[in-house]
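Letters A, B, ... are given to chains in the order of the sequence lines, protein chains preceding strands, and every chain is numbered from 1.
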Amino acid sequence: MLTLREKYYDFDQISSKVFKCRRDDQFFTMKIVSILNEENQANNGVPYWIIREISILKELDHINIVRLIDVMTDGPDLFLVFEYLDNEFQADFLKNPKMFMYPQMKKEFLYQILNTVAYLHARKILLRDLRPENILVNVRTQVLKIALFGAARTFEAPLEAYSSSVGCLSYRSPEVLFQFGCEKYSTPNDVWAVGCIFGEMLLHRPLFSGPSDVELLDEIFTLLGTPTEETWPGVTSICGTCALMGPPQQPKDLAKEFPMLNPDGLDLLSKMLCLCPNYRISAEDAVKHPYFKGV
Amino acid sequence: MASRIVQQQQARGEAVVGGGKQQKKNGVADGRNRKALGDIGNLANVRGVVDAKPNRPITRSFGAQLLANAQAAAAADNSKRQACANVAGPPAVANEGVAVAKRAAPKPVSKKVIVKPKPSEKVTDIDASPDKKEVLKDKKKEGDANPKKKSQHTLTSVLTARSKAACGITNKPKEQIIDIDASDVDNELAAVEYIDDIYKFYKLVENESRPHDYIGSQPEINERMRAILVDWLIDVHTKFELSLETLYLTINIIDRFLAVKTVPRRELQLVGISAMLMASKYEEIWPPEVNDFVCLSDRAYTHEHILTMEKTILNKLEWTLTVPTPLVFLVRFIKASVPDQELDNMAHFLSELGMMNYATLMYCPSMVAASAVLAARCTLNKAPFWNETLKLHTGYSQEQLMDCARLLVGFYSTLENGKLRVVYRKYSDPQKGAVAVLPPAKFLLPEGSASQHS
């Protein structure tokens, strides 16, 4: 069996634990994971998120999901070898307005994200931490790839209780923000994150960026209005305390907030950012939305 | 019994009803080569009926025999196509003593069967298509020209009716299929939009992660040792209050590992502990720590032993832990059974018994799950034992599940007197409905008689 150095060469450091390397004139990204803790002890062996990430990635075969090529072990370290992609979605696209010259490109990127999420949900996988930092782009082909499945997990239907302390705060859905510790949530959580990314693609800044759960909820309600029993049945029983709800607010007109969007786009955005998870559009239905006509 | 005149110069494969003139009168047109039973709705081009060229005149009994053979051949073809080990139940027996497979040959394009009404009745229009759900339309009866007129029975109609009865074609409406997800449409936790895709996908890939028969290639391990290990792990699982997913994944990991690596007897428990550690990391929010397992093993294995074995298993299994276990299917099939709590507990009990016994590895996960539901329904006498809804969601008929169901009930019947009693204790608890103390379905036991078929 070939060793790591025999298989891969020309290592080029990208970040502290990520390297670019080569094999047979092909480039790869190598991620190094140590199973040792701060005291250099392998307390609990392979971290749970690595077991999940590798196991889930090995089962997936989709053009918009980064491919796991190889897993190698060497002492206390694991080496995960992925296909190489040159651009980060957030750094190179979202924060650089010049890169988004065509509305069609935004539409195509959004379609690719939704298509991938629908594929994952149909395979019983929740992403749980979908955010621009976890999306890579091949600039040449304009194919977008979702990476980093550390927070992903398979789900049972009906869903069990899963940890709610997952995902970047800005992209967490209201149902997750309302709940503490281990609660039940499902596929709409990922759709909310896609809605936030869609808003960010349009505004070139995060749609919601509150530093804490309460402030983030306040930002959400400022834009979308405070939920009521009518708009979100059962909301008063799940929010725990009324303090989380804040003073009642009316929803803003999305057409004024997103003047660059046509009516179909506004309809899709509002359906993805629907406060009630039961009424939120599914990724499968979102892919079929009229907004994507011609994609 | 109407006698049939058989002409000496009859063309092979051609049935003649009555004499020349009468034949015309009864609707068999000139020049039309009406092969035996070839016009009957359920036998479009069945191999062995249309193609057969017998060297003897087709009498009624010979015709029935041809039909039986053709249906048996069609059923054999069908069962060959099954991906999993499908074991048919006892064949139904036709009048002539010829074994007839239960599943009929493919039907032709759907025909509307109009049931003639009595003057006071409404007309029921039944769509007899096998592919569509039954559509029942009530039509108001329009005035009959002569309501008192007796219906005339021609020889053709009598023979057709008899043939239909012999082939099991009746105008009895098909059983309704229940939409088991209807109540969950507004519940995002049920993931209703994806549920069909999910189970189609799992059915597709369930054989990829199935361990093959490995006991023969393990010099130091036998079925009994495996059963002791699983029995102990179920106890550990209960003490740690882990999820059922973790338990099923643990056993799947053990079996797949033992199928690819020879393990000495002294390391079998270590494999079990490491498998449960991995399964817990995959499934649980708060998995037990390695030290918990060290204590559990009475310090037979060290921290390092467990971590080394964990890495060995992961590498051998190529890190593939996203696999469909029987539990994945069981929760769906129980739902399709429209269960009460007792049925739910009984199906889980039988499934866990199956997991303990090496013999169930010959069946694919979905079949074990479906058989557990069937065996539970039989044990609790839930009639009918199998129905169209269950058939639709499991993909199996009752006959295909009988062998595996008998196996599960067989384990159940010997459990009380056996030494491995963890599952028995677990399901004797009133919290689990004390289903383990209920008597097993007698007719599913090896010496029992065959079950009723629905």
Using every non-hydrogen atom in the two residues, find where F201(B) and A122(A) come nearest and quote the distance to one decimal. CB-O, 4.4 Å
Test side chain to side chain contact (heavy atoms under 4.5 Å, CB included) on L80(A) and W319(B) and set out the steps. CA-CA 12 Å; L80(A) 312 187; W319(B) 297 75; over 6 Å; no
By a 4.5 Å heavy-atom criterion (distance strictly below it), what part of [X] contacts chain A: side chain, backbone, both, or neither?
X	result
E310(B)	side chain
L314(B)	side chain
E318(B)	both

For Y48(A), the option from M278(B), E284(B), E283(B), K281(B) that meets side chain to side chain contact (heavy atoms under 4.5 Å, CB included): K281(B)
[X] [atom1]: over 12 foreign heavy atoms closer than 6.0 Å:
X	atom1	answer
E229(A)	CD	yes
I63(A)	CD1	no
E289(B)	CD	no
K261(B)	NZ	no

Taking side chain to side chain contact (heavy atoms under 4.5 Å, CB included) as the definition, give me every residue that meets it alongside A369(B), ordered by chain and number, with sequence neighbours left out. F329(B), L330(B), F333(B)
Roughly how far, to the nearest 0.5 Å, is the OH atom of Y282(B) from the CD1 atom of I54(A)?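 These two atoms lie 12.0 Å from each other.
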Output for pair (T322(B) OG1, R52(A) CZ), nearest 0.5 Å, gives 10.5 Å
